[in-house]
Structures are given as C-alpha cells and as structure tokens.
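Have a look at the structure below, then the notes.
These numbers come from a predicted model, not from an experiment. When reading the values below, keep in mind they use all heavy atoms of this one structure, side chains included, and skip hydrogens, waters and symmetry mates.
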Amino acid sequence: PAKKVLEAQRAEMAGKTAADCGLPTISVLTPLYNTPEKYLREFLESFVGQTAPNGQLCLADASDAAHGDVERIVKEYQQKNQQIVYKKIENKGIAANTNAAAQLATGEYLALADHDDILAPHALYTMGKAILQLRQRGEPDGFLYSDEALFTKSIQRPMVAHFKPDYAPDYLLCCNYICHLAVFRKALWDGPPPEISRCKGACTANRVTVAAHRGFRIGTLGGPETNEENGPARPAPTRKRKEERITAAPETQSKDTKA
C-alpha cells in the first residue's frame, strides 16, 4: 500500500499493545534451522516493523552447534519486541519443529511463516481487520489466507505474484497454495492428530482443511472491496524467496535451509 496508508495504520495503533489494540492476536509459527544472518534479520525486521501490535512471533530453533549466531540474533531482536518468543530445540524435522513453535503460541490465531520469508508491513493488521469484518457479518472466521509474491534478492522485484483462488479442493490436491500467509484459529491446529513428519508442508493443508470442514468455511478473501460472496478486502501478500535455479515449478518454493 501507499506510504500514507501504512502511516495511518501506525497512527491508529500508536501506544497500543496486543492486549488493547482491538485486533485478534496472531501467533506466527516459524521453525529456524541454520538460518543465514541476512535472511533472519530481514524476517525479524518485517515482524518488528508491523503496523499493528497484534502479532506474536514463536521461534523454535533447531540450528546446529556451528550456527550459534541464530540464537544471538534472535535475542537481540527480543530486546526490541517482547512479542518474540524463542526456544532452542532438538532438530526433528520441519513438521515436529513447527509443532514445537506452536507450543509457544498464546494467540487466538496461528499463522505460518518460513525463516526466510518477509511479511508485508501491514500483514497482521490486515488479517486482524479481516477477521473482525467476518465476525461483524456473522460469517465463519476460522481460516483466512492471502496472496504472496516470490523473489530472489529484492522484494521490490518479485519474480512471481501468486494470486490465489477461493477454496479450490482440486487445486489444493496438486498445489498447497494456502500456506503463506495462512491464518487460522488455534483450536483448528490443536484439534486434529499431529502431522506425519514425511508430509512436511502438505500436512498443514490436510490438518487444517479437515478440521475446518468440521465447522468453518475456508475461502480466500475477496478483491479490493467487500462483497457478499467473497468477503472483505484481500490481505497483503507475504513475500518469499525463490531459488534462482528454479525456473518453473507447480508449487511455491523458497530458499531451503531447513533440515
């Protein structure tokens, strides 16, 4: 959005905390593994720089002994933002490590982010406002997801803009398009059985969609204006790095430094 829009959001939230800002708290789950300093700092800066204080960042760090800087950098950012929660864990793979991050969460909602992602500055503000709009309209508010942009080096020059459809089960079978930025009630995460570690990202889609079908309609947010069919305005995209060697792929892929 325009700079004045971000400034207006920050002015609206000035002096407020997660407890009194009026938006649902969203706990962002991110497992860390030997994260390069550049990517880690960019990710942490994108969280610290959010226009609203309704976020909690839950970091489960499975980095090996040769990458102690990951912990040092996170603790540096904890001094800037008390909503960053950190725990050192044993590396058990991406699914189990994400579950470890979820155990740190206290928010009503959870979100998923990789350790080399960059959150748009208004991502949590927009998601929080969208949840409130759904509640005001009496519509299910259990699951929301946004578009995303993929880039290699500069977020100003995305390689791909991923504009996502409304809930499309056939498409979901071949492309886990809902992950970034997915926001969903913590109760959905807590309800189904744990993921199977071999599934990695696919488990997240199955785990949440199965639970959501029990009582929540899954749908992307609509276009630039609220409408009866699609819901409130579409949230801002997350921005993900994509490996330069990948020229075409059916799925979103980010720089993979995880186990």
Side-chain angles (χ1 to χ4, degrees), residues 1-3 5-7 9-10 13 26-64 66-88 94 97-98 101 104-105 110-127 145-162 179-183 201 235-246 251-259:
K3 183 179 179 180
V5 173
L6 298 179
E7 291 175 347
Q9 292 175 5
R10 291 194 170 96
M13 295 292 163
I26 301 171
S27 297
V28 181
L29 311 183
T30 303
L32 305 176
Y33 181 76
N34 297 353
T35 314
E37 179 173 351
K38 180 179 185 296
Y39 300 159
L40 180 58
R41 288 189 180 277
E42 288 178 344
F43 174 58
L44 293 173
E45 286 287 349
S46 75
F47 177 79
V48 171
Q50 289 293 300
T51 59
N54 62 318
Q56 178 192 39
L57 183 57
C58 302
L59 304 173
D61 180 14
S63 299
D64 59 33
H67 293 82
D69 280 352
V70 172
E71 180 176 1
R72 175 185 61 79
I73 293 168
V74 171
K75 290 186 174 180
E76 172 189 328
Y77 278 84
Q78 283 182 309
Q79 301 301 314
K80 303 178 183 180
N81 190 308
Q82 299 302 309
Q83 289 297 97
I84 298 176
V85 185
Y86 172 88
K87 183 178 181 179
K88 184 69 178 175
I94 184 63
N97 294 356
T98 302
L104 304 175
L110 303 180
L112 302 174
D114 290 334
H115 63 173
D116 57 354
D117 283 355
I118 294 179
L119 295 169
H122 57 315
L124 299 182
Y125 175 96
T126 307
M127 283 293 192
Y145 56 89
S146 75
D147 298 330
E148 64 183 320
L150 297 98
F151 65 98
T152 53
K153 296 179 181 179
S154 171
I155 61 175
Q156 306 302 326
R157 297 189 175 215
M159 296 174 57
V160 177
H162 190 181
C179 267
H180 302 281
L181 180 66
V183 173
T238 49
R239 298 154 180 181
K240 295 177 63 61
R241 290 185 179 82
K242 185 173 181 180
E243 294 189 65
E244 293 180 87
R245 67 174 179 269
I246 298 175
E251 293 186 335
T252 294
Q253 299 191 37
S254 60
K255 283 187 179 294
D256 192 359
T257 51
K258 300 185 289 292

Quick check for you: to the nearest 0.5 Å, what is the distance between [X] atom [atom1] and [Y] atom [atom2]?
{"X": "Y39", "Y": "I118", "atom1": "OH", "atom2": "CD1", "answer": "10.0 Å"}
{"X": "R72", "Y": "Y77", "atom1": "CZ", "atom2": "OH", "answer": "10.5 Å"}
{"X": "K75", "Y": "Y86", "atom1": "NZ", "atom2": "OH", "answer": "6.5 Å"}

Where [X] and [Y] come nearest, the two heavy atoms and their spacing:
{"X": "L112", "Y": "T98", "answer": "CD2-CG2, 4.3 Å"}
{"X": "C58", "Y": "A101", "answer": "CB-O, 3.5 Å"}
{"X": "L124", "Y": "Q50", "answer": "N-OE1, 3.0 Å"}
{"X": "I73", "Y": "R41", "answer": "CG1-NH2, 3.9 Å"}
{"X": "Q78", "Y": "I84", "answer": "NE2-O, 3.0 Å"}
{"X": "R10", "Y": "G49", "answer": "NH2-O, 2.8 Å"}

If we only count heavy atoms from C-beta on, is the [X] to [Y] side-chain gap below 4.5 Å?
{"X": "L6", "Y": "H122", "value": "yes"}
{"X": "L59", "Y": "F47", "value": "no"}
{"X": "N97", "Y": "Y33", "value": "no"}
{"X": "Q83", "Y": "P53", "value": "no"}
{"X": "L181", "Y": "D117", "value": "no"}

Next on the checklist: Does K80 have more than 12 heavy atoms from other residues, nucleotides or ligands lying within 6.0 Å of its NZ?
Outcome noted: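 For K80, atom NZ is crowded (more than 12 foreign heavy atoms under 6.0 Å).
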
So, the side chain of [X] versus the backbone of [Y]: is there a donor-acceptor pair under 3.5 Å, distance only?
{"X": "T30", "Y": "H115", "answer": "no"}
{"X": "T35", "Y": "L40", "answer": "no"}
{"X": "D114", "Y": "D116", "answer": "no"}

Item to check | Residues which pass side-chain contact (heavy atoms from CB on, under 4.5 Å) with A2, listed by chain and number, not counting sequence neighbours | outcome: K4, V5

Item to check | Set of residues satisfying side-chain contact (heavy atoms from CB on, under 4.5 Å) with respect to S63, sequence neighbours excluded | outcome: N34, D61, H67, V70, K88

